[in-house]
Amino acid sequence: MINNSSPQDWPEPIIRVQSLSQTCIDSIPQRYIKPLSDRPSKNTSFETTNFNIPIIDLKGLYSIDPNEKASTFKQISEACNEWGFFQIVNHGVSHDLMDLAKETWREFFHLPMEVKQQYSNSPKTYEGYGSRLGVKKGAILDWSDYYYLHYLPLSLKDYNKWPAQPPSCREVFDEYGKELVKLCGRLMKVLSINLGLKEDYLQNAFGDPGGMTLLLPDDEVHGLQVRKGDNWITVKPVKNAFIVNIGDQIQVLSNAMYRSVEHRVLVNSHKERVSLAFFYNPKSDIPIEPAKELIKPERPALYPPMTFDEYRLFIRMRGPCGKSQVESLKSPR
């Protein structure tokens, strides 16, 4: 059963990690220390320079050469099936805009604390300036601060919750959001076609943008790790590339033909890291379930219907739990 009552406030006082990082010289509070089993080690991580998630050049999608186009579709299909993550280059988004968006957010996080605190968030919507995910009291916390805002739908877009500083930020974020919505739309068509569905199937099934994340990583400070089998792969970001992450909802709709893969972020002891995650999420009230075209006697539906609102509340109440979230949603066999 899913509890439909959304929490109104955090269970404990919020402490900003950015402030802690400036005062905790030799140690950090126990609340931020993961169990040994959840920490990276040399035995479970691939750090070699020649091992990375797939890197896909999207220019092939628009090639007049049918073989080049087919090859690009195949690369995306294999990445969705085998990795759940891949990097894309020649994606059509201005490199200058990408740099400007990243640096504008970096400027925000370096504003005085009293300015940032004006945008403090709550677990009701998470929109605004925050420092924790999940509302479980006494939970181990992530060593990070974030700012979450809505770009679409327009009914949720509230400029009063967008930061007013730096002065150009709202204009920059608007332009950045517009370009990423277009890019996600193109990718959703490719994913639909690769599943053997009509090109607009995923978009229509989600009623809105849905089911993937575009990450603009920090080029200088690496930290993202992706699980591959029993190993953790440290992602090496390519300059001016986006990292595409297949979300839980697409795993559900594809009946697990596409994979939403566990991932984590490492803390750097010496440098800050700024990254931008663009969540291309489904409309909140449409039930998400495996596409009927992908259900067969030998491959029955693996998941029951669930709206994105129900799923989001489920995640927020439990906090980050790897991929046990989506696995726990599977229908009993």
Hey, does [Y] have a side-chain heavy atom less than 4.5 Å from the side chain of [X]?
| X | Y | answer |
| --- | --- | --- |
| Y303 | L253 | no |
| F86 | Q75 | no |
| D142 | K34 | yes |
| Q117 | I14 | no |
| E175 | E171 | no |
| I246 | Q251 | no |

### Task
Indicate whether any N or O donor in one side chain lies under 3.5 Å from an N or O acceptor in the other, for D285 and T307.
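Absent: no donor and acceptor within the cut-off.
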### Query
Do you see a donor-acceptor pair shorter than 3.5 Å between the side chains of S122 and D9?
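Checked: S122/D9 side chains show no N/O donor-acceptor pair below 3.5 Å.
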### Query
How long is the span from the CD atom in Q18 to the OH atom in Y129, to the nearest 0.5 Å?
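So the gap between those two atoms works out to 5.5 Å.
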Do [X] and [Y] share a hydrophobic cluster, counting only Ile, Leu, Val, Met, Phe, Trp and Tyr and linking them when any side-chain heavy atoms are less than 4.5 Å apart?
| X | Y | result |
| --- | --- | --- |
| M212 | M257 | yes |
| Y62 | V89 | no |
| I140 | L20 | no |

### K116 with D145: basic N within carboxylate O range, under 4.0 Å
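Answer for the salt bridge query: no.
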Classify the angle between the aromatic ring planes of [X] and [Y] as parallel (below 30°), tilted (30 to 60°) or perpendicular (above 60°).
| X | Y | value |
| --- | --- | --- |
| F173 | W162 | tilted |
| Y176 | F278 | perpendicular |
| Y147 | W105 | tilted |

### Message
Looking at L202, is its backbone amide N or carbonyl O close enough to the side chain of S192 to form a donor-acceptor pair, meaning the two atoms are under 3.5 Å apart?
### Response
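Yes; judged by distance alone, with no hydrogens or angles, the pair exists.
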### Query
Is it true that a side-chain atom of R170 and a backbone atom of P163 form a donor plus acceptor pair closer than 3.5 Å?
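Side chain of R170 to backbone of P163, a donor-acceptor pair under 3.5 Å: yes, one is there.
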### Task
Please report the closest heavy-atom contact between Y258 and L191, naming both atoms and the distance.
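Looks like OH-O, 2.8 Å.
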